[in-house]
Structures are given as C-alpha cells and as structure tokens.
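I have placed the structure first, in the form of structure tokens, so that the comments after it can refer back to it.
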Amino acid sequence: MIRIKMEKDRQGRLCGFIVEGHADYAEEGSDIVCAAVSALTQTALLGIIRYAGEEKVVYEQSEGFLAAHTLSFVPEVPIVLETVVSGLNEIARQYPEYVVLT
C-alpha cells in the first residue's frame with residue numbers, strides 16, 4: 001500500500017509531503033497505481049523546486065519513498081501541492097485498497 005501524508009506549516013498551508021510504500025496493484029513495471037502516484041509526486045517536487053529554489057527545499061528519495069518540504073513559505077508552493085492533492089485524491093478514491101492519503 002502507498003501511504004501519502006501531506007504536510008502543513010503552522011499557518012495551515014501545504015508545504016510538503018511524504019510518500020512511502022508500493023501499491024502492489026500489479027507486477028513491477030506494470031503497476032499503473034504506483035506509476036500515477038510517482039508521476040504526480042515527482043512532478044510536485046519539481047514544481048516546488050522551481051518556485052522555491054533548490055536552497056529552500058529539503059527532499060529525500062529512495063526505493064518506495066519520497067519526501068519533500070520547503071524551509072520557508074513560498075506563495076506558489078501551496079498552489080502546486082493543492083493541484084497534486086486533487087490528482088492524488090482521485091487515485092485514492094479509485095484505488096482505496098492501494099493508496100491512502102492523509
């Protein structure tokens with residue numbers, strides 16, 4: 001199962017996320033659920049870096065794990081993350097036994 005946790009700052013604004021696990025929907029290389037979550041979250045990371053600058057973003061990526069968050073508020077980052085949450089919510093709705101979003 002893929003677990004996605006969205007992070008908020010003290011003002012309640014989205015500022016990052018943690019994704020861990022594998023969907024196990026299909027065999028490796030054919031897992032559309034894993035591919036969809038990976039595409040969205042990696043695009044989110046790229047968007048955060050683009051708007052915040054690499055010096056204001058902390059991220060870690062390894063097999064079955066991606067975490068990213070900003071070190072300070074950048075107005076575009078919550079917009080990027082809200083857009084990604086829309087896609088992740090739809091994936092979690094369609095595949096609830098494979099993806100959990102909090």
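FYI, side chains are in, hydrogens and waters are out, and symmetry mates aren't considered; it's all heavy atoms of this structure. In this chain, residues are counted from 1 in sequence order.
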Residue list, salt bridge (Lys or Arg N to Asp or Glu O under 4.0 Å) with Arg93, at least two apart or on another chain: Glu90
Sequence-distant partners of Asp9, salt bridge (Lys or Arg N to Asp or Glu O under 4.0 Å), two or more places apart: Arg13
Listed once per pair and sorted, the ring pair (Phe, Tyr, Trp, His ring centres under 6.0 Å) pairs that draw on residues 27-50, sequence neighbours left out: none
Please identify each residue that fulfils side chain to side chain contact (heavy atoms under 4.5 Å, CB included) with Thr102, with sequence neighbours left out. Lys5, Val100
Quick note, salt bridge (charged side-chain N to carboxylate O under 4.0 Å, His left out) partners involving residues 25-35, not counting sequence neighbours, are none
Testing the basics here: between Gly12 and Lys8, what is the closest heavy-atom pair and its distance to 0.1 Å? O-CD, 3.4 Å
Closest non-hydrogen atoms of Ala23 and Cys34, given as atom of the first, atom of the second and distance, are N-SG, 3.5 Å
Side-chain donor/acceptor pairs under 3.5 Å, residues 70-84, sequence neighbours excluded:
residue	atom	partner	partner atom	Å
Thr70	OG1	Ser72	O	3.4
Thr83	OG1	Ile79	O	2.9

Identify every side-chain donor-acceptor pair in residues 42-50 under 3.5 Å, counting partners at least two apart or on other chains, and give the distances.
residue	atom	partner	partner atom	Å
Thr43	OG1	Ala39	O	2.7

Indicate every side-chain donor-acceptor pair of residues 54-68 with a distance under 3.5 Å to a residue at least two apart or in another chain.
residue	atom	partner	partner atom	Å
Glu54	OE2	Tyr59	OH	3.2
Glu63	OE2	His22	NE2	3.3

Could you work out, with ring-ring contact (aromatic ring centres under 6.0 Å, His included) as the rule, every residue matching Tyr95, not counting sequence neighbours? Tyr25
Rounded to the nearest 0.5 angstrom, the CE-CG distance for Met6 and Leu101 is 7.0 Å
Drop me the distance from Tyr98's OH to Ile2's CD1, to the nearest 0.5 angstrom. 11.5 Å
State, yes or no, whether a side-chain contact exists between Leu88 and Val19 at a heavy-atom distance under 4.5 Å. no
